[in-house]
Visitor: 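The structure under discussion is supplied below as structure tokens; questions concerning it will follow.
Every number for a ligand or one of its atoms is a count from 1 in the order of the listing.
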Amino acid sequence: MATQAVTPLQSGALGAPKHVAIIMDGNGRWATKNNVSRSKGHRKGADAVREAIEGAIESGVSYLTLYAFSSENWNRPAEEVSDLMGLLRMYLKKEVRTLSKEGVNLRVIGRREALGKDIQDMIEGAEEKTKNNSRLTLIIALSYGSRDEIVNAAKTIAQSVIDGKQSIDTIDETSVEQALFTHGIPDPDLIIRTSGEQRLSNFLLWQAAYAEFLFLPILWPDFSRLTFASAVEDYLSRDRRFGARS
Ligand code: IPE
Ligand code: IPE
Ligand code: MG
């Protein structure tokens, strides 16, 4: 009997997720729970990033996106914003060599022009240094907001029509995808949010169209490689249908 070809989009049996995205939430509550400063909570949160990277590599994930700072996080008190920027500087200074040795390709999405010039330079240097790596693509969302990303994409497309590079009729999902910060990156298969909140907070709205969601009660600083492995296990038990019949 002839077997019918199954397109990847219709496959119900799942392999390891190709792209996992994480909303790293709960540093503040972790600090309160442990009776330490918020700033210490953020520092512990930065340590958990290593766990996520190692978990992703061990699980054979190809793309890991981490939501580190949202467009809306600029509205936090100046002292906290400056703490977070300080941590980011430290992270970029300390970790890029390790990432590079591990075969990680670093990419940053978001409105990077809102970040300090020194941070922008460090990001550019890190992207350049790791651009030929292919074991894992680590995407850090910084000053990132999905609506902002979509508005930006609309402007890029409108401009290309004005410039005569394409006509309105040729605008399709691929042209939108190409105008997003995430161009070339496959959509996330699994989106994890820690801290018990069950919302997207302006993260990957377009890209999450068919993502599986996992909301975990643990606070981000407590996230470990084992948490990552069990999240992947949970994902493997799901039945993804993409609108078709399973
Ligand atoms: C996540 O932890 C870090 C960022 C959003 C930058 P929070 O600081 O949001 O921690 P909670 O939600 O107050 O516990
Ligand atoms: C989402 O967390 C943003 C990041 C994890 C970077 P928030 O703590 O900012 O989200 P809300 O305010 O609870 O929705
Ligand atoms: Mg939060």
Visitor: Give me the residue, atom name and distance of the protein heavy atom closest to atom 5 (C) of ligand 2.
Guide: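 The protein heavy atom lying closest is Met24 O, 3.4 Å.
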
Visitor: Applying a 4.0 Å heavy-atom criterion (strictly less than), which segment of Ala68 is in contact with ligand 2: side chain, backbone, both, or neither?
Guide: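 Contact part for Ala68 vs ligand 2: backbone (N, CA, C, O).
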
Visitor: Under 4.0 Å, heavy atoms only, figure out whether ligand 2 is touched by the backbone of Phe69, its side chain, both or neither.
Guide: backbone

Visitor: Nearest non-hydrogen atom to atom 7 (P) of ligand 2 belongs to which of Glu197, Arg76, Arg29, Arg199?
Guide: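 Checking each option, the heavy atom nearest atom 7 (P) of ligand 2 is found in Arg76.
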
Visitor: Quick check against the 3.5 Å criterion: does Glu58 have a side-chain atom that pairs as donor or acceptor with the backbone of Arg225?
Guide: no

Visitor: Could you pull out the N/O/S protein atoms under 2.8 Å of the Mg ion (ligand 3), ignoring any water?
Guide: Asp25 OD1

Visitor: Is the shortest distance from atom 2 (O) of ligand 2 to a protein heavy atom below 4.0 Å?
Guide: yes

Visitor: Suppose we measure from atom 10 (O) of ligand 2 to each protein heavy atom; which comes out shortest, and what is that distance?
Guide: Arg193 NH2, 3.3 Å

Visitor: Would a distance-only check, ignoring hydrogens and angles, find a side-chain to backbone donor-acceptor pair under 3.5 Å from Thr130 to Ala126?
Guide: yes

Visitor: I need the contact type for Ser70 against ligand 1. Using non-hydrogen atoms and a strict under-4.0 Å cut-off, is it side chain, backbone, both or neither?
Guide: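 The answer is neither; Ser70 stays 4.0 Å or more away.
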
Visitor: Is the shortest side-chain N to carboxylate O distance from Lys18 to Asp189 below 4.0 Å?
Guide: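 Asp189 and Lys18: not salt-bridged.
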
Visitor: Parallel, tilted or perpendicular: which describes the rings of Tyr210 and Phe242, with under 30° parallel and over 60° perpendicular?
Guide: tilted

Visitor: Taking the side chain from Gln166 and the backbone from Ser160, do they hold a donor-acceptor pair closer than 3.5 Å?
Guide: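 Not a single qualifying donor-acceptor pair exists.
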
Visitor: Using a distance-only test with no angle check, is there a side-chain donor-acceptor pair under 3.5 angstrom linking Ser71 and Arg111?
Guide: no

Visitor: Tell me if a side-chain donor or acceptor on Ser59 pairs with a main-chain N or O of Ala56 at a distance below 3.5 Å.
Guide: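 No, the answer is negative, given that no donor and acceptor are paired below the 3.5 Å cut-off.
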
Visitor: Does Gly28 reach ligand 1 with a nitrogen or oxygen that is under 3.5 Å from one of the ligand's nitrogen or oxygen atoms?
Guide: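 Looking only at distances, the answer is yes, because the N/O contact criterion of under 3.5 Å is met.
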
Visitor: Does Lys94 have any side-chain hydrogen bond (donor to acceptor under 3.5 Å, both in side chains) partners at least two apart in sequence or in another chain, and if so, which?
Guide: none

Visitor: Please say whether Tyr67 places an N or O atom under 3.5 Å from an N or O atom belonging to ligand 2.
Guide: no

Visitor: Starting from atom 13 (O) of ligand 1, find the nearest protein heavy-atom neighbour and note its residue, name and distance.
Guide: Arg38 NH2, 3.1 Å

Visitor: Side chain, backbone, both or neither: which part of Glu72 comes within less than 4.0 Å of ligand 1 when only heavy atoms are counted?
Guide: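 Neither; no heavy atom under 4.0 Å.
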
Visitor: Please work out whether any backbone atom (N, CA, C, O) or any side-chain heavy atom from C-beta onward of Asn73 is under 4.0 Å from ligand 1, and answer side chain, backbone, both or neither.
Guide: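 Contact part for Asn73 vs ligand 1: side chain (C-beta onward).
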
Visitor: For the residue pair Tyr63 and His19, categorise the inter-ring angle as parallel (less than 30°), tilted (30 to 60°) or perpendicular (more than 60°).
Guide: tilted

Visitor: Give the C-alpha distance, both sets of side-chain angles, the deciding distance and a yes or no for salt bridge (Lys or Arg N to Asp or Glu O under 4.0 Å) between Glu212 and Arg240.
Guide: CA-CA 8 Å; Glu212 296 293 322; Arg240 297 182 83 187; 3.7 Å; yes

Visitor: Can you list the atoms of ligand 1 that are under 4.0 Å from a heavy atom of His42?
Guide: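 Counting from 1, the qualifying ligand atoms are 3 (C), 8 (O).
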
Visitor: Among Asp222, Thr227, Asp234, which residue meets the side chain to side chain contact (heavy atoms under 4.5 Å, CB included) test with Leu216?
Guide: Thr227

Visitor: Answer yes or no: is there an ion pair linking Arg43 with Asp83, defined by an N-O contact shorter than 4.0 Å?
Guide: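 Here Arg43 does not pair with Asp83 in a salt bridge, since their nearest N and O are not under 4.0 Å apart.
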
Visitor: Just need the protein heavy atom nearest to atom 14 (O) of ligand 2, so name the residue and atom and give the distance.
Guide: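 Checking every protein heavy atom, the shortest distance to atom 14 (O) of ligand 2 gives Ser201 OG, 2.6 Å.
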
Visitor: Could a heavy atom of Gly26 be found less than 4.0 Å from some atom of ligand 1?
Guide: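 Checking ligand 1 against Gly26, which is what was asked, there is a heavy-atom contact under 4.0 Å.
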
Visitor: What distance do Arg38 atom CZ and Asn27 atom CG have between them, rounded to the nearest 0.5 Å?
Guide: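 With rounding to 0.5 Å, CZ (Arg38) is 8.0 Å from CG (Asn27).
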
